[in-house]
Engineer: 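Got a structure here, written out as structure tokens. Questions coming.
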Amino acid sequence: MIRDYITADLAQALANAQRSSEIPAVEIPPIQLARGRVQGVDYATSIAMQLARTTRMPPAKIAGIIVKYLAENPDYTAEAINGYVNFSLSASYLGAQVEKILAEPSEWGKTKSGLGKKAQVEHGSANPTGYATIGSGRNVVVGDTLANTLEACGYELHREWYINDAGSQVRVFGASIFARYAQALGRYEPMPEKGYQGDDVIEVASELAKSKGDVYLAMPREQAVRELGLLGIAGVMTHIKATLARLNIRYDNFFSEKSLYETGQAAAAVELLRAKGLIVEHDGAQWFSEDGSPIRSGQARKRTSEDYSAAASAEQRLIEPGAAEGLVERDDLQEPAEKGKKPPIQVVIMRSAAVIPNPEERATYFCSDLPYAWNKVQVRGFNPAVYVWGEDHQADVDRVLAGARALGLPDGAVRIIIYRFITLLRGGQEVRMGKRIGNAIWIDDVLGDIGVDAFRYIMLSRSVDTKFAFDLDLLKEQSDTNPVYYVQYGHARICSIERRVQEEAWPVNMSAPVAVRMTSEFALVRKLLELPEIVETVAGLLQPHHYTTYARELAQAFSKFYDECRIKDSPPDVAGSRLKLARAARLTLAKVLALMGMSTPERM
RNA sequence: GUCCCAAUAGCUCAGUUGGAUAGAGCGUUUGCUUGCGGAGCAAAAGGCCGGGAGUUCGAAUCUCUCUUGGGACACCA
């Protein structure tokens, strides 16, 4: 990498300057070479400013000395400005890089940071109790893009969806399916309390009624609910997979939560922790306690959201005089943690029989999270195992990380990213979605109005840390004005040029070297060469929105080049150089679109 | 109460290891076409980077604090 060897040259120059006493023999901090922020500058270092204090010399003078001691190099020029040492890559170096892209197009954009390592991205992973909602759209698009990214970094990559098919919600779902199934066959069955009211459940149940007939009405009800529940999950997953396929998302595996219990992995993980003394009993329930300390009182108590908010406002106190006192009491219950010290993580893994009679439903989600993390990292060797979670799981992050530590998994092997939920707007009003109450909006509902590429672009275009509004009334408009088309347009334009070169036999000398001359050519090449750095940035931060910014900037750099540097009617050598540059731009546009999971149209 | 996230141009948002004149899209105003695809290019206007303090040669970025908005904190799923 050019960056590494410029850094090495810098260190050498500094050492030489110190040897000849032009710079005092002070300790040199690690040299950081940043991307240039000024036009025409590829890299810059502020080392001279950092040395100003210890050397008692003005930064500009130090920078000047450094430049003097840098050996001549055909690949770059160095210049001291404002105390910075700026490096500009030479036209010959930039041209050679373009040739390199064209020589091995399939390698372009790949990096080596993950070579020889296995990684997993687990995303999607919603309860299999309904079709894929818009909300999960952000999850799968972000997850899929991160998976593409780690793959580009050289990881052997595995894409997984975790099916929460254990626990009591599955029974409620089964009962809902059963009721709808019976209704479809003309027999009235009431929906269970807190049942799933959505049309999707009706649809899946009717299909089952059609394909299976009335056999489940004849068998004992418990059995029918259980079996129909499993069939219902399968039906929902089939539908979800079809939606994912529309979004160009594929998985290597759908992992069953239930299987963790059937294979004994759940019990094994708990036993491992028990042997370490981290499983503690409290009020008949089993808890994981990070440091084995007894369970703090107050936690086991059922609380409502009002209990947490100290702001029992003045009005509220007037209406409910008891509220204020209640708060005081509850605050007492919560044992104060030592100041400046986080309390140890303590979380229920197995509910008490007194509270949940059914033994199959006593394990909590967290109880599955432990063996699942173990399975990913220790059994299957994924490092990192990336989890993509919605913000409703933010409290689980510390727990799972604590569990991973307790299980002895290597630091950093479990990486969890939390994305903020999107807000849905209809008629300017926020739409609250819920699968249970049956007003969810499915991804399939909007893909007709908004193309897959535009949908993915919207889901990717903002940092996962920010929530954003998805206006259901403006879908068409959001699609039409979507920046993805600008990016794709650049790609299609280049394809068009290449077609015409062929078909109309323009005089183009493709063996002429890439000669970078014009401002827009320099800018375009520099932008192209950023691709591997962007890939590494996305992989490191697990923030895929950087692609959308980069893709637009790249397309813009191409447009300016297109405007300034004509290929048609240029001398054959110039035309050849420019056509090669355009082709490298096409490959780079295609690569970044592919990373984002979008199509690369040759005509629009 | 504790924790997480956000606050940057009229609107929607970028701003990776602290660095040079804080950027883009949309919107507004104005130019560019007998040019390889005008879904384009060029330009203008528009900013106490929520407030305050601190660290630093240097802060939108780091620390503390306050304000505002969203979310999480169950033997729910």
Side-chain angles (χ1 to χ4, degrees), chain A residues 32-38 41 44-46 49-50 52-53 59 81-84 86 127 129 164 167-170 172-173 194 282-287 299-305 307-311 327 330-331 334 336-337 342-343 348-352 354-356 362 364-365 391-398 418 420-421 423 436 461-469 480-481 483 485-486 488-490 492-498 500-501 504 506 533-534 536-538 540-541 543 545-546 548-549 552-553 556 559-560 562-564 566-570 575 578-579 582 603-604:
Chain A
Q32 290 183 339
L33 199 61
R35 269 252 155 228
R37 280 155 217 255
V38 179
V41 174
T45 181
S46 57
M49 298 172 193
Q50 294 164 46
R53 175 176 262 191
I81 294 174
N82 294 342
Y84 292 91
N86 288 344
N127 285 340
T129 52
N164 298 120
S168 57
Q169 88 282 6
V170 171
V172 175
F173 175 72
K194 291 188 189 168
H282 184 80
D283 285 349
Q286 311 238 357
W287 291 63
Q299 289 200 89
R301 210 162 155 283
K302 187 162 173 150
R303 281 161 286 187
T304 64
S305 59
D307 295 326
Y308 291 108
S309 72
L327 275 174
R330 289 183 181 103
D331 279 351
Q334 266 196 325
K342 270 195 175 177
V348 175
I349 59 170
M350 204 66 74
R351 302 173 186 118
S352 79
V355 178
I356 304 286
R362 268 178 222 150
T364 62
Y365 273 12
E391 62 178 329
D392 53 337
H393 287 102
Q394 61 176 259
D396 298 327
V397 174
D398 283 343
I418 295 287
R420 281 12 249 203
F421 283 147
T423 311
R436 290 237 168 158
S461 59
R462 290 158 184 104
S463 156
V464 293
D465 287 333
T466 52
K467 68 189 191 93
F468 70 93
D480 291 346
T481 62
Y485 299 120
Y486 177 64
Q488 291 177 328
Y489 180 66
R493 260 178 163 179
I494 301 169
C495 291
S496 167
I497 294 173
E498 291 185 303
R500 292 193 58 184
V501 168
E504 299 169 21
W506 295 357
E533 290 177 28
I534 300 291
E536 283 296 321
T537 300
V538 171
L541 303 173
Q543 281 273 28
H545 71 276
H546 288 103
T548 60
T549 308
R552 200 186 32 68
E553 287 171 355
Q556 196 162 45
S559 287
K560 290 183 185 184
Y562 176 88
D563 205 58
E564 186 180 52
R566 289 181 55 77
I567 292 167
K568 195 184 179 190
D569 303 330
S570 290
R578 288 178 178 172
L579 187 58
R603 294 172 207 269
M604 291 175 71

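Reminder, nothing fancy here: chain letters follow the sequence lines and each chain counts from 1.
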Engineer: Between B/C49 and B/A24, how far apart are the C1' atoms? Round to whole Å, please.
Structural biologist: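 It works out to 16 Å between them.
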Engineer: Does a distance-only test, which skips hydrogens and angles, find a donor-acceptor pair under 3.5 Å between the side chain of A/Thr364 and the base of B/C75?
Structural biologist: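 Such a pair does not exist between side chain and base.
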Engineer: Paired with B/U28: which nucleotide, if any, by Watson-Crick or G-U wobble criteria at under 3.5 Å for both distances?
Structural biologist: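 Paired with B/A44.
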Engineer: Output yes if the stacking criterion (under 5.5 Å between centres, under 30° between planes) is met for A/Tyr562 over the base of B/C36, else no.
Structural biologist: yes
Engineer: If only side-chain N and O atoms count, and only distance matters, is there a donor-acceptor pair under 3.5 Å linking A/Ser46 with A/Gln50?
Structural biologist: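 On atom types as modelled, these side chains qualify, holding a pair under 3.5 Å.
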Engineer: Where each residue is assigned the nucleotide of RNA chain B containing its nearest heavy atom, which of A/Ser559 and A/Ile356 is assigned the position nearer the 5′ end?
Structural biologist: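 Per heavy-atom nearest nucleotide, the more 5' residue is A/Ser559.
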Engineer: Regarding A/Tyr486, tell me which of base, sugar-phosphate or nothing describes its non-hydrogen contacts under 4.0 Å with the strands shown.
Structural biologist: sugar-phosphate
Engineer: Distance between the C1' atoms of B/A45 and B/A9, in whole angstroms?
Structural biologist: 11 Å
Engineer: Say we look at B/U61 and B/U8: how far apart would their C1' atoms be, to the nearest angstrom?
Structural biologist: 12 Å
Engineer: Round to the nearest Å and state the distance from A/Arg462 atom CZ to B/C5 atom C1'.
Structural biologist: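 Value for this atom pair: 16 Å.
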Engineer: To the closest 0.5 Å, what do you measure between NE2 (A/His546) and CD (A/Glu553)?
Structural biologist: 10.5 Å
Engineer: Given the P atoms of B/A7 and B/C62, what is the spacing between them in whole Å?
Structural biologist: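 One P to the other, the span is 11 Å.
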Engineer: Using heavy atoms to find the nearest nucleotide of RNA chain B for A/Ala395 and A/Arg35 separately, return the residue whose nucleotide is more 5′.
Structural biologist: A/Arg35
Engineer: Heavy atoms only, 4.0 Å cut-off, all strands: where does A/Ala34 land among base, sugar-phosphate and nothing?
Structural biologist: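 Contact class for A/Ala34: base.
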Engineer: Quick check: any donor-acceptor pair below 3.5 Å linking the side-chain of A/Asn86 to the base of B/A20?
Structural biologist: yes
Engineer: With P as the reference atom in both, quote the distance from B/U63 to B/G19 in angstrom, rounded to an integer.
Structural biologist: 15 Å
Engineer: Taking only Lys NZ, Arg NE, NH1 and NH2, and the carboxylate oxygens of Asp or Glu, determine whether A/Arg35 and A/Glu533 approach each other closer than 4.0 Å.
Structural biologist: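 Looking at A/Arg35 and A/Glu533, the cut-off is met.
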Engineer: Between atom CD in A/Gln286 and atom C1' in B/C75, what is the gap in whole Å?
Structural biologist: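 Whole-Å distance recorded here is 12 Å.
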Engineer: Choosing from B/C76, B/A20, B/G35, which nucleotide comes nearest the side chain of A/Arg566?
Structural biologist: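 Of the candidates, B/G35 comes closest.
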Engineer: Nearest whole angstrom, please: distance from the P of B/U17 to the CD of A/Gln543.
Structural biologist: 12 Å
Engineer: Looking at B/A39, which nucleotide sits across from it as a Watson-Crick or G-U wobble partner, both distances under 3.5 angstrom, or is there none?
Structural biologist: none
Engineer: Could you tell me which nucleotide pairs with B/C62 by Watson-Crick or G-U wobble geometry, both distances under 3.5 Å, or answer none if nothing does?
Structural biologist: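 Checking every strand shown, B/C62 finds its partner in B/G54, with both distances under 3.5 Å.
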Engineer: Is there a Watson-Crick or G-U wobble partner for B/U68 with both distances under 3.5 Å, and if so, which one is it?
Structural biologist: B/A6
Engineer: Rounded to the Å, how far apart are A/Arg37 CZ and B/G58 C1'?
Structural biologist: 13 Å
Engineer: Could you give the CG-to-C1' distance, from A/Asp392 to B/C73, as a whole number of Å?
Structural biologist: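 From A/Asp392 CG to B/C73 C1': 13 Å.
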Engineer: Figure out the CD/P separation between A/Gln50 and B/G58, and round it to whole Å.
Structural biologist: 13 Å
Engineer: Expressed as a whole number of Å, how far does the P atom of B/U55 sit from that of B/U17?
Structural biologist: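 After rounding to an integer number of Å, I get 22 Å for this pair.
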Engineer: Can you figure out which of B/A20, B/C36, B/A24 approaches the side chain of A/Lys568 most closely?
Structural biologist: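 That would be B/C36.
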Engineer: In this structure, how many angstroms lie between the P atom of B/C5 and the CD atom of A/Gln394, rounded?
Structural biologist: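 It is 9 Å, rounded to the nearest whole Å.
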Engineer: Check this for me: does the side-chain of A/Arg351 come within 3.5 Å of the base of B/C76 through a donor and an acceptor?
Structural biologist: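 No, the side chain and the base share no sub-3.5 Å donor-acceptor pair.
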Engineer: Kindly point out which of B/G25, B/C41, B/C75 is positioned nearest to the side chain of A/Arg552?
Structural biologist: B/G25
Engineer: Please check: side-chain N/O of A/Thr45 versus main-chain N/O of A/Gln32, any donor-acceptor pairing under 3.5 Å?
Structural biologist: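 Judged by distance alone, yes, a pair lies under 3.5 Å.
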Engineer: Consider the side chain of A/Val348, meaning its heavy atoms from C-beta on, and name the nucleotide among B/G37, B/C75, B/C36 that approaches it most closely.
Structural biologist: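 Nearest to the side chain of A/Val348 among the choices is B/C75.
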Engineer: Between B/C41, B/G15, B/A14, which nucleotide gets closest to the side-chain atoms of A/Gln556?
Structural biologist: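 From the listed options, B/C41 comes nearest.
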Engineer: What is the separation between atom CD on A/Glu553 and atom P on B/C13, rounded to the nearest whole Å?
Structural biologist: 19 Å
Engineer: Distance between the C1' atoms of B/G15 and B/A20, in whole angstroms?
Structural biologist: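 Nearest-Å result for B/G15 against B/A20 at atom C1': 15 Å.
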Engineer: Are the ring of A/Tyr84 and the base ring of B/A20 both nearer than 5.5 Å at their centres and tilted by less than 30°?
Structural biologist: yes
Engineer: OP1 or OP2 of B/G37 less than 4.0 angstrom from a side-chain nitrogen or oxygen of A/Ser496, does that happen here?
Structural biologist: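 Checking B/G37 against A/Ser496, a side-chain N or O does come within under 4.0 Å of OP1 or OP2.
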Engineer: Between B/C41 and B/G52, how far apart are the C1' atoms? Round to whole Å, please.
Structural biologist: 45 Å
